[in-house]
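To start, the structure under review is shown below, and the notes come after it.
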Amino acid sequence: PALPGLAAAQLLAGLGAAAILFGSVIALRQERLKLLIAYSTLAQIGYLFLMFPLAFDASSGEFVRGDALMGGTLQAISHATAKAAMFMAAGLIYKAYGHDRIADLAGAARALPFSVLAFAVGGVALMGVLPSGAYLAKKLLLQAADGSGQWWWEWVLQAGGFLTTSYVVLVVAHAFRTPEAPTAPRTPVPRLQEAAALALALCSLALALAAVVGPVPVELLGNPIAPKEIGWTLVTVIGGSVLALTLARRLPALPTGLLADANPARRAMLAAGGVLERIDTVLRRWPVAGLSMLVLALLFGVLMATGR
């Protein structure tokens, strides 16, 4: 039935947008792979909250846009398969090396190629580029935002793609870096386990077939080798790489010192990321979290009572 009105729906989506921003930036600043993936989950769940103002009419609160609901559903399924694969890959890397420190993953791509590939494929799926289910989900949500005149959520969706790309690129760059000294996994990892993680990651890409055999309009599935799609993919990767180079705490060895910690731009971005981390630390404390939940519950109660 009818949901609360415009103010409540926008507040829910605003909380989702905050999750996308906070989760992505803090994921990028993590030093451990499992924590990076965990904060990435926080960010990806934020996308689902965008369905409230996009799928339901602001005045009546009734369901009006199937494309937004379909996009949110595809986003949830794509995230489930991709993120499970990424966690499995992280677990295999931890098993092999006895740690999951991102800065110490040099040579992992050579030692554990399928695990690193599973992480990368899952990351590509979450970035929302062709071919992946998240690409269709993003297209549907953007279509709903444009159709409902809520252009500000389009900016959130596009920014989320760049932020997701940043931490995926960071991990892959570390994994492909040549180690200073030869390293080998301490514990062998069965290829079958790596293949299972990779197969799950590939499922998140196969969800793009929903436009061919499922209910998603086939015209949404673009040609992955079309100049427009290739150009947007390159823009996404470059934009994400710039964010990684300015926000991440530990960077792979770079050929120049332009982005060293002494660089004013990087210093400013690191400081901004540190502020978000401190806010996150405060919000995760039980008294603050409990009080925040109470305030939000009261606020939504007022909005529902007034019909806003």
Side-chain angles (χ1 to χ4, degrees), residues 19-20 22-47 75-128 132-134 160 163-179 183-205 207 240-241 243-244 247-252 277 280 284:
I20 294 171
F22 271 70
S24 298
V25 172
I26 299 174
L28 181 57
R29 292 173 59 84
Q30 294 306 304
E31 297 184 353
R32 289 183 50 212
L33 187 56
K34 287 185 179 180
L35 285 174
L36 180 148
I37 300 171
Y39 272 105
S40 167
T41 299
L42 173 67
Q44 297 298 319
I45 295 300
Y47 285 101
Q75 173 67 26
I77 300 172
S78 298
H79 172 254
T81 52
K83 194 53 64 68
M86 293 168 81
F87 267 121
M88 290 172 68
L92 292 172
I93 291 171
Y94 189 97
K95 177 181 179 181
Y97 285 101
H99 71 82
D100 62 345
R101 294 186 299 274
I102 298 171
D104 296 330
L105 292 182
R110 180 185 293 271
L112 300 168
F114 290 113
S115 293
V116 173
L117 182 59
F119 178 91
V121 170
V124 167
L126 294 181
M127 286 158 52
S132 67
L163 288 165
T164 301
T165 304
S166 66
Y167 53 77
V168 173
V169 167
L170 179 70
V171 173
V172 172
H174 275 292
F176 275 88
R177 185 164 51 92
T178 302
T183 59
R186 300 189 312 179
T187 304
V189 172
R191 291 296 188 195
L192 183 60
Q193 293 182 3
E194 288 194 287
L198 180 57
L200 195 56
L202 290 172
C203 286
S204 60
L205 295 186
L207 285 170
S241 300
L243 285 173
L247 272 170
R249 282 179 173 174
R250 300 281 298 274
L251 298 173
E277 276 190 309
D280 174 68
R284 284 191 289 106

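The residues of the chain are indexed from 1 along the displayed sequence.
- With contacts defined as side-chain heavy-atom distances shorter than 4.5 Å, the pair Leu202/Leu205 qualifies.
- No side-chain heavy atom of Ser166 sits under 4.5 Å from any side-chain heavy atom of Leu247.
- Side-chain N/O atoms of Gln44 and Thr164 include a donor and acceptor closer than 3.5 Å.
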List the atom pairs, with distances to 0.1 Å, where a side-chain N or O of residues 31-38 and a protein N or O form a donor-acceptor pair under 3.5 Å, not counting sequence neighbours.
| residue | atom | partner | partner atom | Å |
| --- | --- | --- | --- | --- |
| Arg32 | NE | Asp100 | OD1 | 3.0 |

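- Contact detail for Ala125 and Ser132: the closest heavy-atom pair is O-OG, 3.6 Å.
- The CG atom of Leu198 sits 10.0 Å away from atom SG of Cys203, with the distance rounded to the nearest 0.5 Å.
- Residue-environment remark: CZ (Arg284) exceeds the threshold of 12 foreign heavy atoms within 6.0 Å.
- Between atom OG1 of residue Thr81 and atom CG of residue Leu126 there is a gap of 8.0 Å, rounded to the nearest 0.5 Å.
- Rounding to the nearest 0.5 Å places OG of Ser241 at 9.5 Å from CG of Leu170.
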Inset, instruction - Please report the C-alpha distance between His79 and Ile45 in whole Å, then the side-chain angles of each, then the deciding distance to 0.1 Å, and finally whether the side chain to side chain contact (heavy atoms under 4.5 Å, CB included) criterion is met. - result: CA-CA 8 Å; His79 172 254; Ile45 295 300; 4.3 Å; yes

Which donor-acceptor pairs under 3.5 Å do the side chains of residues 102-124 make with protein atoms, sequence neighbours left out?
| residue | atom | partner | partner atom | Å |
| --- | --- | --- | --- | --- |
| Asp104 | OD2 | Arg101 | NE | 2.6 |
| Asp104 | OD2 | Arg101 | NH2 | 3.4 |
| Ser115 | OG | Glu194 | OE2 | 2.7 |

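- When side chains are defined from C-beta on, His99 does not count as touching Arg186, because their heavy atoms never get closer than 4.5 Å.
- Considering every non-hydrogen atom in both Ser78 and Ser204, the closest pair reads O-CB, 3.9 Å.
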